[in-house]
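Take a look at the structure below.
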Number of protein chains: 2
Amino acid sequence: MQTIAPELAELAGLIADPGRASILSRLMDGRAQTASELAVVAGVTPQTASWHLARLAERALLKVERRGPRRFYRLATPLVAQMLEGMMTVAAIDPRPSRPPPRIDADMRRARTCYDHLAGELGVAVTDAMRRHDHLNLDQEGGELTASGRAFLGDLGIDLHAPARSRRVLCRPCLDWSEQRLHLAGRAGAAIADLALQRDWIRRRPQGRSVEITAAGLVAFRDSFGARI
Amino acid sequence: MQTIAPELAELAGLIADPGRASILSRLMDGRAQTASELAVVAGVTPQTASWHLARLAERALLKVERRGPRRFYRLATPLVAQMLEGMMTVAAIDPRPSRPPPRIDADMRRARTCYDHLAGELGVAVTDAMRRHDHLNLDQEGGELTASGRAFLGDLGIDLHAPARSRRVLCRPCLDWSEQRLHLAGRAGAAIADLALQRDWIRRRPQGRSVEITAAGLVAFRDSFGARI
DNA sequence: TGAACATTTCGATCATGATCGAAGCGTTAC
DNA sequence: GTAACGCTTCGATCATGATCGAAATGTTCA
C-alpha cells in the first residue's frame with residue numbers, strides 16, 4: 001500500500017531548511033551561482049552549504065557544473081522552478097490575523113525574474129498591457145499570442161520560432177507570488193525578459209534576483225508596451 | 001531585505017512531516033475526513049493528529065467544519081491542491097540510481113481522483129481519448145474543448161455553463177504524478193469525474209483516494225470515450 | 001444528569017537533522 | 001613543485017519538533 005506521501009514528505013523536508021530555501025529562492029532567477037556564493041546566501045559556513053547543496057543535487061533539485069575549482073549550481077529543471085513558484089504563491093498567503101503578511105522586499109516586488117521570465121509588478125504590468133492591447137490572451141487556463149501580438153513582438157526583434165524539438169510552450173500563465181495575479185511565462189515570457197536585458201531596460205543586480213528597471217526601461221515599457229510601472 | 005524564503009521554508013516544514021504529508025495526500029481526493037480518521041491515516045494517536053491538524057488549519061492548508069463532536073477537515077483551496085500536485089509530480093521523480101523508483105500503489109496508479117478530477121491511468125486515458133477524437137486540445141500551455149467536444153460532453157449530460165461568477169477555468173492541464181503525463185483538470189475534468197461517479201462508472205473506496213473502475217465503467221469509458229484502460 | 005464518544009491541550013521525552021571545527025582533496029597559477 | 005583558493009567530508013554537539021500519557025473540554029443521547 002505505497003502512496004506518494006513519504007516521497008512528498010522527503011521532498012518537502014529538503015525545502016524546509018531555511019538555508020536551503022534561501023538557496024532555492026535565489027536560484028529562481030535561472031542563473032547559476034558558486035557554492036561559496038550560495039553559502040553566503042544561506043548564511044552558513046561553506047562546509048554546511050556544501051552539505052546542503054549535495055543533498056539538493058542528489059535529489060535532482062539542483063544540477064552542478066564544475067569549472068576549475070568552482071562548482072556552479074543552478075535549478076535542475078523548469079519543472080522544479082514551477083513547483084517552487086507554486087509553493088511560493090501559497091507561502092505568500094498568510095491568513096493568520098496574529099501575524100502581519102510577509103513584508104516582501106520592495107525591489108523583489110517591483111521587478112524580479114521568475115526563473116527565465118519577468119515577475120513582480122513589472123511582469124504583471126507588461127502582461128496586463130499586452131492583454132489590454134489585444135496582443136495576448138492569458139488566463140488561468142492558458143495563454144496565446146494574437147496575430148497582432150506576434151507582429152508586435154516580431155517588430156521588437158523577438159524571434160518566436162521554436163528551437164528544433166522544443167517542447168517549451170509559447171505562453172504559460174504563471175501566478176505571481178508577490179502580486180497574486182498572472183504574469184506571462186513560457187517562451188514568449190522568456191524572450192521578453194531576454195530582450196529587456198539585452199536592451200538594458202532591466203539590469204540584474206549582483207545580489208539577489210530582483211532586477212533594476214533602468215530609466216531607458218521605464219520609457220521602453222511605457223512607450224513600446226504601454227505598461228505603467 | 002525580506003524575501004519569501006522563510007515563508008517557503010515554513011510551508012515546506014509543515015508538509016515535511018510524514019504524518020502530515022499522509023493527511024494532505026489523502027485529502028487530495030477533495031473529500032473531508034474526521035480528525036480520528038486522519039489520525040489513522042497519519043499513523044499517530046488522536047492527540048498527535050489533533051496537533052498536526054491544528055497546525056495545518058492555522059496555516060490555511062486545511063479548513064475545518066464541525067458537526068456535533070466531529071471535526072471534518074478538507075483541503076482549504078484548489079490552489080493548495082494544485083501546489084501539492086506540483087510537489088507530488090517532482091516527488092515521483094527520483095533519479096538516485098541507488099534507490100528504486102517509488103513503488104506506487106497499483107490502485108492509485110490505475111485510477112484515482114486528483115482533487116476533483118480523474119487522474120492516474122484512467123485520467124490520462126480519458127484525456128488522450130478526447131484528444132484523439134478531436135474533442136479536446138490540451139497541452140502544457142492550456143486546454144480547450146472543441147465544438148465536437150462540447151457536443152460530446154453535452155450529449156453525455158454534462159452542463160458546461162459556468163456557475164455565475166465562477167472564475168474556474170474550463171480546461172486546465174494537470175501533470176499526472178504517477179503517469180508523468182497530462183490529464184484534464186478544470187471544470188470539464190471535474191464534471192467528467194462527477195458524471196462517472198453518478199453513473200457508477202467509478203466508485204470511491206472507503207479508504208484512500210484511489211477509485212475503483214466498475215465493469216459498467218470499463219464499458220462506458222471504452223464505448224463513450226474510446227478510452228482503453 | 002450521567003455516560004459515551006470525539007477532540008483538544010499540556011508537559012516531559014527523545015530522535016533527528018543542521019551546525020561548525022578540523023582535516024583533506026582538487027584545481028590553477030607562479 | 002608549492003602555495004593559494006575553492007570545495008568536500010567527517011564527527012561531535014545542540015536545538016527543534018514530533019510523540020504519547022494524562023487530563024480536560026465539548027457534544028449528544030438515553
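Note on naming: letters A, B, ... go to the chains in the order of the sequence lines (proteins, then strands), and numbering restarts at 1 for each one.
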Contact boundaries of DNA chain C with chain A (under 4.0 Å, heavy atoms), 5' to 3'? dA18(C) to dT28(C)

Using the side chain to side chain donor-acceptor pair (under 3.5 Å) criterion, which residues pair with R203(B)? Sequence neighbours excluded. D200(B)

Counting any heavy atom closer than 4.0 Å, what does Y73(A) reach on the DNA or RNA strands: base, sugar-phosphate only, or nothing? sugar-phosphate

For [X], enumerate each residue passing the side-chain contact (heavy atoms from CB on, under 4.5 Å) test, keeping only those at least two apart in sequence or located in another chain.
{"X": "Q198(A)", "value": "D194(A)"}
{"X": "A185(B)", "value": "H117(B), R172(B), C174(B)"}
{"X": "S210(B)", "value": "D107(B), M108(B), R205(B)"}

Atom pairs and distances, side-chain donor-acceptor, residues 76-87 of chain A, under 3.5 Å, sequence neighbours left out:
{"unit_1": "T77(A)", "atom_1": "OG1", "unit_2": "L79(A)", "atom_2": "N", "d": "3.4"}
{"unit_1": "T77(A)", "atom_1": "OG1", "unit_2": "V80(A)", "atom_2": "N", "d": "3.1"}

In plain terms, say whether R67(A) and E65(A) are close enough for a salt bridge, that is, a side-chain N and a carboxylate O under 4.0 Å apart. yes

Show every donor-acceptor pair shorter than 3.5 Å between a side-chain atom in residues 47-55 of chain A and any protein atom, with sequence neighbours excluded, or say none if there are none.
{"unit_1": "T48(A)", "atom_1": "OG1", "unit_2": "T45(A)", "atom_2": "OG1", "d": "3.0"}
{"unit_1": "H52(A)", "atom_1": "ND1", "unit_2": "R20(A)", "atom_2": "NH1", "d": "2.8"}
{"unit_1": "H52(A)", "atom_1": "NE2", "unit_2": "D17(A)", "atom_2": "OD2", "d": "3.4"}

Qualifying residue, where the test is side-chain hydrogen bond (donor to acceptor under 3.5 Å, both in side chains) with D176(B) and the options are H183(B), R181(B), R109(B): H183(B)

Identify the two heavy atoms, one from A191(B) and one from I158(B), that lie closest to each other, and give their separation to 0.1 Å. CB-CG2, 3.7 Å

Do you know which two heavy atoms are closest between L184(A) and C171(A), and how far apart they sit? CD1-CB, 3.8 Å

Atom-to-atom span, CH2 of W51(A) to C1' of dG6(D) - whole angstrom: 21 Å

What pairs of residues pass the salt bridge (charged side-chain N to carboxylate O under 4.0 Å, His left out) test when at least one of them lies in residues 118-127 of chain B, not counting sequence neighbours? R110(B)-E121(B)

Check ring-ring contact (aromatic ring centres under 6.0 Å, His included) between F221(A) and all other residues, then give those that pass, not counting sequence neighbours. W201(A), F225(A)

Indicate for each nucleotide in nucleotides 25-30 of chain D, in 5' to 3' sequence, whether protein heavy atoms under 4.0 Å reach the base (B), only the sugar-phosphate (S), or nothing (-). -BSS--

Which residues in residues 17-29 of chain A have a heavy atom closer than 4.0 Å to any atom of DNA chain D? none

Members of residues 30-40 of chain B that approach DNA chain D, where some heavy atom sits under 4.0 Å away: none

Nearest-0.5 Å distance, CE of residue M28(A) to CG of residue L24(A): 9.5 Å

